[in-house]
Enquirer: 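Pasting a structure below so you can have a look.
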Amino acid sequence: MVLCIDIGNTNIKYGLFEGDELKVSFRVATDLNRTSDQYGTAIIDMLAVQKIYAADIDGAIISSVVPSLNYTISHMCSGYLGVEPLLVGAGLKTGHDLRVDNAREVGADRIVNDVAAIRKYGAPVIVIDFGTATTFNVINEKREFIGGAIAPGIRGSMDSLVSGTAKLPRVEIETPKSVIGKNTITNMQAGLVFGFAGLVDYIVKKIRREMKRPDMPVVATGGFSEIIAKEISCIGVVDKLLTLQAEISVRSEHGGKGLRPAAVCAPNGFRKGGIAMKTVGVAILGLGVVGSGTYKILRDHRDFYRRTQHVDIVVENVLEINKQRALDLGIEESRIADNIAQIVSNPAVDIVVEVIGGVEPARSFVLAALHSGKTVVTSNKELFCKHWYELEKAAKRTNAGLYFEASCVGGVPIIRTLTDGVQSNVITRLTGIINGTTNYILTRMTREGADYATVLRDAQKLGYAEKDPTADVEGFDAAYKLSILSSLAFHTRVPLEKVYREGIANVSALDIAHGRDLGYVLKLLAIGKNGENGVEVRVHPAFIRKDHPLASVSDSFNAVFLQGDSVGDVMLYGRGAGALPTGSAIVSDVIYAATHADHKYASFKNTLLPEKGVKFVTDFKSRYYIRFTAKDRAGVLAKVAGIFAKSNISIADLLQKGDMDENGVPVILVTHETHELAVRRAVEKIRALPDVLSVDSLIRVEG
């Protein structure tokens with residue numbers, strides 16, 4: 001098989017041919033800062049997915065419009081594939097003459113496009129390549145390239161608009177319904193698509209007129225060829241793989257010379273069974289509980305990963321204020337960095353692991369790593385929730401990876417499940433216990449009947465709760481995670497501000513006991529729904545039935561319950577925090593990033609604000625547990641029932657718990673499903689009744 005490589009300004013396209021038949025094609029972003037090792041390990045990985053190995057490749061041929069990458073990619077071919085590539089350029093035998101003033105000015109992409117077009121479609125012919133630039137090649141009936149035209153590329157034109165104006169945004173290049181745009185986006189799309197269609201149509205007419213061939217065939221290739229071809233009739237054929245097929249044609253003309261195997265092994269490792277061992281350098285920012293656990297896993301499992309994943313992960317640097325902590329872990333002093341600049345400037349570091357926590361300085365450190373082209377793995381749910389859009393924008397700019405499995409639910413692989421496991425489904429609902437601290441507290445209160453304050457103190461002594469437990473017990477931690485998970489599940493940006501949040505600080509052991517008598521268990525739930533009325537996201541204590549799968553999730557364990565339109569119900573369960581469970585998720589991301597050439601980004605438009613048109617439900621529906629204390633007087637319950645009736649709220653259960661005392665009569669009622677705002681208004685009216693002493697609890701009932 002022969003590997004054809006087309007190095008463009010924006011992308012590098014690869015095509016693997018067996019004879020004239022294209023077997024596999026893929027592309028990666030062009031990156032001038034990547035080394036031959038990085039390109040080499042990436043292509044080895046991409047070929048391995050197709051069960052193709054270096055030994056299967058007999059030769060390689062390169063056409064390039066980026067001279068500075070010619071040596072890098074050529075060295076990659078010889079070092080990782082064992083073949084000396086043929087580089088297409090002026091003077092190379094192609095069977096195609098260049099009748100222009102200076103043949104060496106003609107780009108290799110134009111040469112190979114002409115060769116393939118002549119071979120497939122004959123001559124004369126006009127070849128248009130919609131790439132970073134839009135090129136028009138004119139080939140006469142003698143199969144000679146006699147010149148053409150070069151116009152701006154459609155994406156470059158958009159970049160010029162965006163960079164040269166203050167208010168114009170970057171838009172998807174697609175055909176709008178009308179040339180008369182109704183908003184800024186469709187205005188820009190109309191100008192770009194229809195403007196380029198007009199440009200192409202006019203230039204083709206002028207070429208045909210000068211050639212005195214009014215029906216001269218036109219072949220188009222490149223990323224935007226199909227979009228433009230739909231708008232004009234002059235383009236007869238769209239052939240998006242023309243350049244790769246052209247290289248095979250050039251090889252045939254050249255007789256295969258210069259494509260003999262080179263007995264060279266991969267510079268950064270060795271081959272075993274046709275698979276190259278890949279060496280990856282990692283830096284860890286922070287050696288707290290999670291950072292230390294991550295380091296220990298990488299250290300203790302290094303040989304295991306070499307054997308099973310064919311990747312050698314080396315911790316090249318750590319960033320830690322407490323140097324002694326690093327030394328106690330056995331880390332060499334020379335690998336302990338004093339500042340982030342040492343790490344981002346270290347060429348041996350490929351992946352940066354951020355486990356500092358909080359927003360700053362973590363945000364600045366992560367951005368520095370991404371701007372330098374290094375992939376980032378983070379466990380920082382607050383940073384990721386609040387600045388995801390900013391981090392992803394930086395990652396895309398340098399083609400770096402951004403991985404965050406450890407940010408949600410510790411060692412439970414919920415993010416990989418959403419992105420790579422159930423992506424064939426429309427996820428309609430997710431319900432989770434996603435904070436270990438609150439689950440531990442509520443489990444103890446349920447088992448022992450203990451009060452909240454007592455259990456919280458115990459949780460702090462055991463290390464389950466922080467000295468300042470606000471983030472956990474007030475629901476902030478769960479809200480960060482729900483924002484991330486619901487964005488992934490529903491394929492739309494769900495900002496933190498859209499998540500309704502209540503904590504557990506006001507939960508009483510009395511209500512937990514009453515709920516148990518009614519057949520319920522109390523949990524802090526994170527709930528996300530995606531329905532006809534919009535997206536609904538909320539974090540709050542809720543009763544669930546004892547037979548619900550989440551009811552048995554106890555202590556510091558976490559679980560997420562998913563509902564997909566095809567798969568049905570799926571539940572993931574495991575430890576939601578801790579050095580090794582969270583470290584496990586981090587290392588899983590490190591291995592994934594190291595063994596996958598192309599990085600995935602969000603499946604939705606990732607911006608600060610949600611997309612226009614996405615509705616968020618605030619007046620959600622639930623059942624409600626309400627406990628209030630009333631005077632022992634006739635007609636009180638009738639007045640309460642009357643208030644609910646006027647609000648269209650029906651009562652499912654009404655109980656009096658205990659006898660009358662000096663504090664009044666405790667009454668509990670449970671509603672049928674109703675709207676949140678209706679219940680709140682009704683409760684305010686009940687609280688205002690003269691015979692109601694207090695409304696003590698309002699807890700939602702789910703499932």
Side-chain angles (χ1 to χ4, degrees), residues 49 280 282 289-291 293-294 296-298 300-301 304-305 308-309 311 313 351 353-355 375-381 383-385 388 392 401-427 429-436 439 477-478 480-491 494 525-526 528 549-550 552-553 555-564 566-596 598-603:
V49 171
V280 174
V282 171
V289 173
V290 175
T294 300
K296 290 174 183 177
I297 294 172
L298 289 171
D300 298 344
H301 290 73
F304 175 68
Y305 300 144
T308 61
Q309 305 298 321
V311 61
I313 303 174
I351 299 173
V353 173
E354 184 276 311
V355 283
T375 286
V376 168
V377 173
T378 180
S379 63
N380 193 331
K381 80 278 295 184
L383 170 66
F384 207 81
C385 166
W388 185 356
E392 185 172 282
L402 183 60
Y403 296 89
F404 49 99
E405 180 69 72
S407 68
C408 296
V409 206
V412 179
I414 179 60
I415 289 172
R416 190 88 70 237
T417 298
L418 288 170
T419 58
D420 292 336
V422 295
Q423 70 271 44
S424 61
N425 287 255
V426 175
I427 303 298
R429 177 173 179 144
L430 68 87
T431 308
I433 297 170
I434 57 177
N435 180 271
N439 202 44
D477 177 84
Y480 299 148
K481 296 171 183 174
L482 181 59
S483 169
I484 297 169
L485 294 177
S486 55
S487 295
L488 293 171
F490 306 145
H491 301 282
V494 179
L525 293 185
L550 291 175
S552 60
V553 178
D555 298 309
S556 62
F557 282 87
N558 283 189
V560 178
F561 194 81
L562 300 174
Q563 291 177 321
S566 298
V567 72
D569 296 340
V570 175
M571 191 171 94
L572 290 90
Y573 168 85
R575 292 194 178 276
L580 296 182
T582 307
S584 168
I586 290 169
V587 175
S588 174
D589 271 349
V590 169
I591 294 172
Y592 190 93
T595 55
H596 287 73
D598 289 331
H599 302 299
K600 282 187 177 181
Y601 303 110
S603 61

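Note: hydrogens, waters and symmetry copies are ignored here, and every other heavy atom, side chains too, is used. Quantities reported herein were computed from a predicted structural model and do not represent experimental measurements.
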Enquirer: Any heavy-atom pair between the side chains of Thr294 and Val587 that's under 4.5 Å?
Expert: yes
Enquirer: Nearest 0.5 Å, what's the CD-NE2 distance between Gln423 and His491?
Expert: 8.5 Å
Enquirer: Would you say Tyr592 and Val377 make side-chain contact, with heavy atoms under 4.5 Å?
Expert: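 Side-chain contact under 4.5 Å: no.
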Enquirer: Tell me the closest heavy-atom pair linking Gly564 and Ile427, and the distance in Å.
Expert: CA-CD1, 4.0 Å
Enquirer: May I ask you to test the Ser487-Trp388 pair for a side-chain heavy-atom distance under 4.5 Å?
Expert: yes
Enquirer: If you take all heavy atoms of Val355 and Gly291, which pair is closest and at what distance?
Expert: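 Here Val355 and Gly291 meet closest at CG2-CA, 3.6 Å.
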Enquirer: Enter the distance from Ile484:CD1 to Lys381:NZ here, rounded to the nearest 0.5 Å.
Expert: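 Separation between the atoms: 9.0 Å.
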Enquirer: Quick one: side chains of residues 405-414, donor-acceptor pairs under 3.5 Å with protein atoms, not counting sequence neighbours, listed by atom name and distance.
Expert:
{"from": "Glu405", "atom 1": "OE1", "to": "Arg416", "atom 2": "N", "distance (Å)": "2.7"}
{"from": "Glu405", "atom 1": "OE2", "to": "Ile414", "atom 2": "N", "distance (Å)": "3.2"}
{"from": "Glu405", "atom 1": "OE2", "to": "Ile415", "atom 2": "N", "distance (Å)": "3.0"}
{"from": "Ser407", "atom 1": "OG", "to": "Phe404", "atom 2": "O", "distance (Å)": "2.7"}

Enquirer: Taking all atoms of both residues into account, what is the closest heavy-atom pair of Val280 and Ala594, and its distance?
Expert: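 So the two residues come closest at CG2-CB, 3.6 Å.
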Enquirer: Tell me whether Asn439 contacts the main-chain N or O of Val553 through its side chain, where contact means a donor paired with an acceptor under 3.5 Å.
Expert: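 Side chain of Asn439 to backbone of Val553: a pair is present.
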Enquirer: In Å, rounded to the nearest 0.5 Å, how long is the span from CG of Asn558 to OG of Ser556?
Expert: 7.5 Å
Enquirer: Quick one: salt bridge (Lys or Arg N to Asp or Glu O under 4.0 Å) partners of Arg575, sequence neighbours excluded?
Expert: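 Once residues adjacent in sequence are excluded, Arg575 has no partner under the salt bridge (Lys or Arg N to Asp or Glu O under 4.0 Å) criterion.
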Enquirer: Rounded to the nearest 0.5 Å, what separation is found between the OH atom of Tyr480 and the CG atom of Leu383?
Expert: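 If I round to the nearest 0.5 Å, the distance is 11.0 Å.
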Enquirer: Salt bridge (Lys or Arg N to Asp or Glu O under 4.0 Å) with Lys600: which residues, sequence neighbours excluded?
Expert: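 Counting only residues at least two positions away or on another chain, Lys600 forms a salt bridge (Lys or Arg N to Asp or Glu O under 4.0 Å) with Asp420.
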Enquirer: Are the side chain of Asp589 and the backbone N or O of Thr378 linked by a donor-acceptor pair below 3.5 Å?
Expert: no
Enquirer: Within the distance-only criterion (no hydrogens, no angle test), does the side chain of Gln309 pair as donor or acceptor with the backbone N or O of Ile591 below 3.5 angstrom?
Expert: no
Enquirer: At their closest point, which heavy atom of Ile434 faces which heavy atom of Ala526, and how far apart are they?
Expert: CD1-CB, 3.4 Å
Enquirer: Identify the heavy atoms of Lys481 and Asn435 that sit nearest to each other, and give their distance.
Expert: NZ-CA, 4.4 Å
Enquirer: I want to check something: taking the side chain as every heavy atom from C-beta on, are Arg429 and Phe561 in contact at a cut-off of under 4.5 Å?
Expert: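 Contact flag for Arg429/Phe561 side chains = no.
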Enquirer: Give, for atom OH of Tyr305 and atom CG of Asp300, the distance between the pair rounded to the nearest 0.5 Å.
Expert: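 Those atoms lie 9.0 Å apart.
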Enquirer: Between Leu562 and Leu418, is there a side-chain heavy-atom distance shorter than 4.5 Å?
Expert: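 Yes, their side chains come closer than 4.5 Å.
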Enquirer: When rounded to the nearest 0.5 angstrom, what distance separates OG in Ser603 from CG in Leu488?
Expert: 7.0 Å
Enquirer: Does the side chain of Leu482 reach to within under 4.5 Å of the side chain of Leu430, using non-hydrogen atoms?
Expert: yes
Enquirer: Go through it in stages, so that I can follow the logic: the residues are Ile433 and Leu525, the test is side-chain contact (heavy atoms from CB on, under 4.5 Å), and I'd like the CA-CA distance, side-chain angles, deciding distance and then a yes or no.
Expert: CA-CA 5 Å; Ile433 297 170; Leu525 293 185; 3.9 Å; yes
Enquirer: Please give me the minimum heavy-atom distance between Ile297 and Gly583, naming the atom from each residue.
Expert: CD1-C, 3.5 Å
